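Read the structure below first, then the notes.
Letters go in sequence order (proteins before strands), and every chain restarts at 1. For clarity, every value in this text was computed on a predicted model and none was experimentally measured.
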Amino acid sequence: MTDYNFEDIETRWQKRWADGRTFEVTEDPARPKFYCLEMLPYPSGDIHVGHVRNYCITDVVARYKRMKGFNVLHPIGWDALGLPAENAAIKRGIHPEKWTRDNIASMKRQLQRLGFSYPWSREVATCDPEYYRWNQWFFLRMLERGIAYRAKAAVNWCPSCQTVLANEQAEGGTCWRCGSVVEQRDMEQWFLRITAYQDELLDDMAQLPTWPDRVLLQQKNWVGRSPGAEIDFAVEGAEPIRIFTTRVDTIYGATFMVLAPEHPRVDALMAGASAGAKAALATLRAQDRRARLEGQVEKDGVFTGRHATNPFNGERVPIWVGNFVLMGYGTGAIMAVPAHDERDFEFARKFGIPVRPVIRPAAGALDGASMAEAYVGPGVVENSGPFDGLSAEEALATMAAHAETKGFGKATITYRLKDWLVSRQRYWGTPIPVVYCEKDGIVGVPDAELPVVLPKDAPFTGEGGNPLEKVPSFVDARCPRCGGPARRETDTMDTFVDSSWYFYRYLSPQKKDGPFDPSAVRYWFPIDLYVGGIEHAILHLVYSRFWTKVMRDLGLVTFDEPVTRLFPQGMVHKDGEVMSKSKGNTVAPDTIIARYGADTLRLYILFVAPPEMALEWQDGQIEGPSKFVHRVWRLLDRHADAFAQELRERIPAELTPAARDLRRKVHQTIQRVTDDIEGRMKLNTAVSALMELVNEIYRLEPEVSKGPMRPVFQEALEALVLLLAPFAPHICEEMWQRLGRRFSIVDRNWPVADASLAREDEVELAVQVNGKVRGRVTVGAETSEEEVRRRALEDPKVQEAVAGKQVVKILVVPGRLVSVVVK
RNA sequence: GCGGGCGUAGCCGAAUUGGCAUAGGCGCCUGACUUAGGAUCAGGUGGGGAAACCCGUGGGGGUUCAAGUCCCUCCGCCCGCACCA
């Protein structure tokens, strides 16, 4: 007997895989392909358990698919640009590149230590100039088409990260990376016109039927499509003010108008207002923006002293400024219909503004003076001149059309989605490839001069400002058009640009004359499975969809969506909290591997919870999978070498009951493990099934491992090793070899279940009388329903329960139970 | 507040379509082997009860021969969204 020396076994096979280039793949039209993708890690320094979970899931699927005969692409890379590297440079004086490369090297060792089946020749690091040159190339293509543009806008500024952020990276008014409250600043910045694709982002969800609803719902909410109308309200002695509403059907009930405090017309309208009113306005403007955005501030407002005219009924309505109206949405101005909008109602009651119902609910008329809350349900339009009698729904279209005919409005659609702000005032990102020429303005760097490379000698002082600005050799440039002096753009790109298309680069990572090889894309795309954290639902997963659509319009790909199946894995918790560096509750995979081995860690992570659910890390729980691996080791260690020496014999036609039991369990397990991986990815129950198989082999080992039934035992051991291989690949390679089989198990055919062998010969049926189990009968699997019924009623316990009563009916659920109803 | 998900032994979790609740694992108990065991092997392990039986999937109600699963209602936890006109 030999000890299970996992360290020796694992390092030996990892080396063998590397030396044999086992997981390298090329396009092979003769075989079906499977593109198995995981979200690439940021090289922070350590692989954490969350990564391990993500990559264990994909590795099982990748190895399984390969054993099934698929040509599997399962690559990995590094999301290697970003702020932490630069902060390390400031704090510790290490260059971001060195910091990043060192981290990549140690994390790569950690991944290899886990035995993941990566084709390392395809490894991509986004900080490589040969990678980010294609960011620049895409940017120039977008610039040519007006998808990339520079504009002044109110943007989110993170004072801690010292850079601007995109809208979705400042959700809730806080920075996605550091959590600081962001400030609003008016700045000129670079944007990508994602809003040009907003309808497609919604409509193409129809092509993503296997994406989880919650992800699609989040994306849908984020795009925030609201059909409505824009209406111009005339203002006495000034230009009209345009409002946006989704309820134009209620416009006859508008009793006031409200502008956002930041609305550009407010100052002029209030020029003649009292000092008190101006002070009130200043108070509104000083309110915390984040709190305002989240509705945590009590509604407040100030009357401007001016009036507007409702174009539908010519009525004069007072113009207010209110803190609940946001400049960033619609036109920053609303018509307020307190009778039919909760917010307007609250405001109107606070300031004593009249409430006039114009929708009549089925339950009866409303009274504006006494109603306790706004009525927002359906009904019939009333008090609305020529539109009376229409349903509210009909009125929406009719009244918008009316406004358009009369020239004071039109039907429109407003979106919450804003263009993607991609410029960052930091060093460790992709330089935006443009120069500013005094004569020619903004000029793109010619393709031939790409990549624009980050200078190595930038000063990292941490004193604010982008280090690139302090590198004259970088900033001073020539205009490609006129040859005159020009200033190079020092902003760099959002790192979400890098991750928007990295999965194309894996296909041809060395390609010099383009971002990827189109024929490789035709072979490998779309991605068959994409596993990663759900926190990217509205960030990376929206940007990636957008990027592919842009690439399609550039003629680079022919499809609309890059990912067929998205599988967000659950988080890893410890002590009831998300495991994270900042919480200080992390578990280092290295420590676990040193103590238990990579195979055990992999099994534990997959076994302890279903992949989509939160996993609560509990130290003791790993003992189960650890014992299991040892049990497998001892079992194979007892028998493998002998089988390797023997001639392979056929399984006898006649089996002993024990051999029959074992064969049945083997084929049932093949069926279960295959179904569990294939369908709902229930990898936890797949591991359970393997544990059951091992328990059964142990139970039957004394009877089946010797004598004429020995080939059945051999079949069981080989099936076990094959089925376990995707989960615990090292020990299975070892055992496959010990069984006298050839390297490598990754190419072995996945076993096929024989349904006739898996079927039970006999089944025990529970017999219920009026819903209670009163007896049991064991019958052959093929017994007729008639016979089952008869046998059920023969059972003495059942007879007792039925005695003296009338049998109303008998239901037989094949293979399950018999239900007798009496009265 | 709105939307979605979840709630099963002491703990992590199983349970195709409604069909014997608690598979598998942890922990615990007993035994075997042992100088020893935090190793291994075997057995046991929802609650009550001497037993027959009864009760049990967050609480309450309903549909059904049959409910963890379907319906209503309440409670708790988690995740999204949240003054978006």
Side-chain angles (χ1 to χ4, degrees), chain A residues 171-172 212-215 217-218 220-222 224-226 228-229 243-248 250 258 260 291-299 322-326 328-337 340-344 346-347 414-416 534-535 537-538 570-571 573 576 603-604 607-610 612-628 630-631 634 672 675 679-680 682 684-695 698-699 764-773 776 797 808-823:
Chain A
E171 234 210 302
D213 288 341
R214 62 194 162 134
V215 173
L217 189 67
Q218 267 192 70
K220 199 172 164 213
N221 290 340
W222 186 253
R225 185 179 195 270
S226 295
I243 61 97
F244 172 74
T245 180
T246 55
R247 291 297 306 274
V248 69
T250 64
V258 190
R292 253 188 73 200
L293 254 172
E294 299 193 354
Q296 291 167 352
V297 172
E298 198 197 333
K299 283 186 185 46
N323 60 354
F324 69 103
V325 177
L326 307 169
Y329 185 79
T331 61
I334 64 161
M335 67 172 194
V337 184
H340 303 296
D341 182 282
E342 286 170 37
R343 298 149 300 181
D344 298 351
E346 193 186 331
F347 194 87
T414 289
Y415 297 83
R416 210 169 84 125
I534 193 153
E535 67 274 16
I538 59 162
M571 303 207 165
H573 293 213
L603 281 167
Y604 164 70
F607 169 72
V608 79
E612 73 280 6
M613 270 179 44
L615 181 161
E616 175 71 25
W617 183 282
Q618 291 182 39
D619 286 327
Q621 297 271 8
I622 199 171
E623 293 298 336
S626 175
K627 284 181 196 169
F628 169 68
H630 279 88
R631 262 163 87 78
R634 286 191 304 271
R672 277 183 64 185
D675 291 349
R680 296 178 299 158
K682 302 284 281 180
N684 55 324
T685 51
V687 177
S688 303
L690 291 165
M691 288 174 168
E692 283 186 50
L693 175 62
V694 170
N695 290 345
Y698 264 69
R699 186 173 76 83
E764 189 187 63
L765 303 179
V767 184
Q768 293 182 344
V769 178
N770 283 356
K772 303 245 184 230
V773 178
R776 292 175 188 283
K797 286 280 176 74
V808 180
K809 66 176 160 180
I810 303 176
L811 295 103
V812 178
V813 183
R816 299 280 182 182
L817 54 70
V818 180
S819 183
V820 182
V821 187
V822 299
K823 68 176 182 186

When we call it a touch if two heavy atoms are under 4.0 Å apart, what does A:Phe628 touch: a base, just sugar-phosphate, or nothing? nothing
Pairing partner of B:rG80, by Watson-Crick or G-U wobble and under 3.5 Å for both distances, is B:rC2
Would you mind reading off the distance between A:Asp675 atom CG and B:rU17 atom P, rounded to a whole angstrom? 13 Å
Mind listing the closest non-hydrogen atom pair of A:Pro625 and A:Phe607 along with its distance? CG-CD2, 4.0 Å
Sugar-phosphate only, base, or nothing, as touched by A:Ser819 at under 4.0 Å among non-hydrogen atoms: base
Are A:Asn684 and B:rA14 close enough that a side-chain N or O sits under 4.0 Å from OP1 or OP2? yes
Any strand is fair game: report the nucleotide pairing with B:rG27 by Watson-Crick or G-U wobble, both distances under 3.5 Å, or none. B:rU45
Pairing partner of B:rA51 (Watson-Crick or G-U wobble, both distances under 3.5 Å): none
Residues A:Asn695 and A:Arg631: side-chain donor-acceptor under 3.5 angstrom: yes
Phosphate OP1/OP2 of B:rA85: any A:Ser226 side-chain N/O under 4.0 Å: yes
Could you work out which one of B:rA85, B:rG13, B:rA42 sits closest to the side chain of A:Ala609? B:rG13
Taking only N and O in the side chain of A:Lys299, is any of them less than 4.0 Å away from OP1 or OP2 of B:rA85? no
Check the distance between B:rA82's C1' and A:Tyr329's OH and give it to me in whole angstrom. 13 Å
Could you tell me the separation between the CH2 atom of A:Trp617 and the P atom of B:rG13, rounded to a whole number of Å? 14 Å
Using a heavy-atom cut-off of under 4.0 Å over every strand shown, decide if A:Met613 touches base, sugar-phosphate, or nothing. sugar-phosphate
Look at the side chain of A:Arg776 and the base of B:rC20, then say whether one donor and one acceptor between them are separated by less than 3.5 Å. yes
Contact nearer the 5' end of RNA chain B, comparing A:Val687 with A:Lys772: A:Val687
Categorize A:Glu342 for me: base, sugar-phosphate, or nothing, with a 4.0 angstrom heavy-atom threshold over every strand shown. nothing
Can you confirm if the NZ or CZ of A:Lys299 lies within 45° of the ring axis of A:Phe324 and under 6.0 Å from the centre of its six-membered ring? yes
For B:rC41, take OP1 and OP2 only and decide whether either is under 4.0 Å from a side-chain N or O of A:Arg631. yes
Quick one: does any side-chain atom of A:Asn770 pair with a main-chain N or O of A:Val822 as donor and acceptor, under 3.5 Å? yes
Quick check on B:rA15: is either OP1 or OP2 less than 4.0 Å from any side-chain nitrogen or oxygen of A:Arg680? yes
Which nucleotide in B:rC12, B:rA85, B:rG24 has an atom nearest any side-chain atom of A:Val608: B:rC12
In whole Å, what separates the C1' atom of B:rA21 from that of B:rG13? 14 Å
Taking B:rC79 as the reference, what is the distance to B:rG56 when you measure between their P atoms (whole Å, please)? 33 Å
Measure CD1/A:Ile622 against P/B:rG38 and give the value in whole Å, please. 20 Å
Could you check which of B:rG24, B:rA82, B:rA66 has an atom nearest any side-chain atom of A:Glu692? B:rG24
Side-chain atoms of A:Ala766 come closest, of B:rA85, B:rG13, B:rC20, to B:rC20
Tell me which nucleotide, if any, is Watson-Crick or G-U wobble paired with B:rG7 when both distances must be under 3.5 Å. B:rC75
Kindly point out which of B:rC41, B:rG24, B:rA14 is positioned nearest to the side chain of A:Lys682? B:rA14
Side chain to side chain contact (heavy atoms under 4.5 Å, CB included), that's the test. Do A:Met613 and A:Asn684 meet it? Break it down for me. CA-CA 11 Å; A:Met613 270 179 44; A:Asn684 55 324; over 6 Å; no
It should be established whether A:Arg672 places a side-chain nitrogen or oxygen under 4.0 Å from OP1 or OP2 of nucleotide B:rU16. no
The side chain of A:Gln621 is closest to which nucleotide in this list: B:rA85, B:rC41, B:rC11? B:rC11
Spacing of the P atoms in B:rU63 and B:rG80 (rounded, Å): 39 Å
Taking atom C1' in both B:rA67 and B:rU22, what distance in whole Å separates the two? 16 Å
Say you pick atom P in B:rU16 and the same atom in B:rC6; how far apart are they, in whole Å? 13 Å
Of B:rG24, B:rU40, B:rG13, the nucleotide closest to the side chain of A:Lys627 is B:rU40
Base, sugar-phosphate, or nothing: which does A:Glu616 touch, judged by heavy atoms less than 4.0 Å apart? nothing
What I want to check is whether an N or O donor and acceptor connect the side chain of A:Gln218 with the base of B:rG80 at under 3.5 Å. no
Between atom CG in A:Leu811 and atom P in B:rA66, what is the gap in whole Å? 10 Å
Minimum-distance nucleotide (side-chain atoms of A:Val821 versus B:rC65, B:rC81, B:rC20): B:rC65
Counting neighbours of CD on A:Glu535 that are heavy atoms of other residues, nucleotides or ligands and sit closer than 6.0 Å, is the number greater than 12? yes
For atom P, what is the distance between B:rU8 and B:rA14, given to the nearest Å? 11 Å
What's the CZ-C1' distance between A:Phe607 and B:rC26, to the nearest Å? 9 Å
Is A:Lys220 touching bases, backbone alone, or none of the nucleic acid, heavy atoms closer than 4.0 Å? nothing
Just the rounded figure in Å: distance from C1' of B:rA23 to CE of A:Met691. 12 Å
Look at A:Arg416 and B:rA82 and indicate whether a side-chain polar atom (N or O) is within less than 4.0 Å of OP1 or OP2. yes
Taken in chain and number order and not counting sequence neighbours, the residues that satisfy side-chain hydrogen bond (donor to acceptor under 3.5 Å, both in side chains) with A:Gln621 are none
Considering only heavy side-chain atoms of A:Phe244, the closest of B:rC20, B:rA85, B:rA14 is B:rA85
Could you check whether A:Gly224 gets within reach of a base, just the sugar-phosphate, or nothing at all, counting any heavy atom under 4.0 Å? nothing
Out of the candidates A:Asp341, A:Asp344, A:Val337, only one should pair with A:Thr250 under the side-chain contact (heavy atoms from CB on, under 4.5 Å) rule; please name it. A:Val337
Winner on side-chain proximity to A:Leu817, out of B:rG24, B:rC20, B:rG13, is B:rC20
Write down the distance between CD (A:Glu612) and C1' (B:rC6), rounded to a whole number of angstrom. 12 Å
Write down the partner of B:rU40 under the Watson-Crick or G-U wobble criteria, each distance required to be under 3.5 Å. B:rA32
Output yes when at least one side-chain N/O atom of A:Asn695 is less than 4.0 Å from OP1 or OP2 of B:rA23, else no. no
Name the pairing partner of B:rU63, where a pair is Watson-Crick or G-U wobble with both distances under 3.5 Å, or state none. none
Complementary nucleotide of B:rG68, counting Watson-Crick and G-U pairs under 3.5 Å: none
Of A:His630 and A:Leu217, the one whose nearest nucleotide on RNA chain B sits closer to the 5' end is A:Leu217
Can you tell me how far P in B:rC11 sits from the matching atom in B:rG59, rounded to whole Å? 14 Å
For B:rG58 versus B:rG76, give the span between their P atoms, rounded off to a whole number of Å. 16 Å
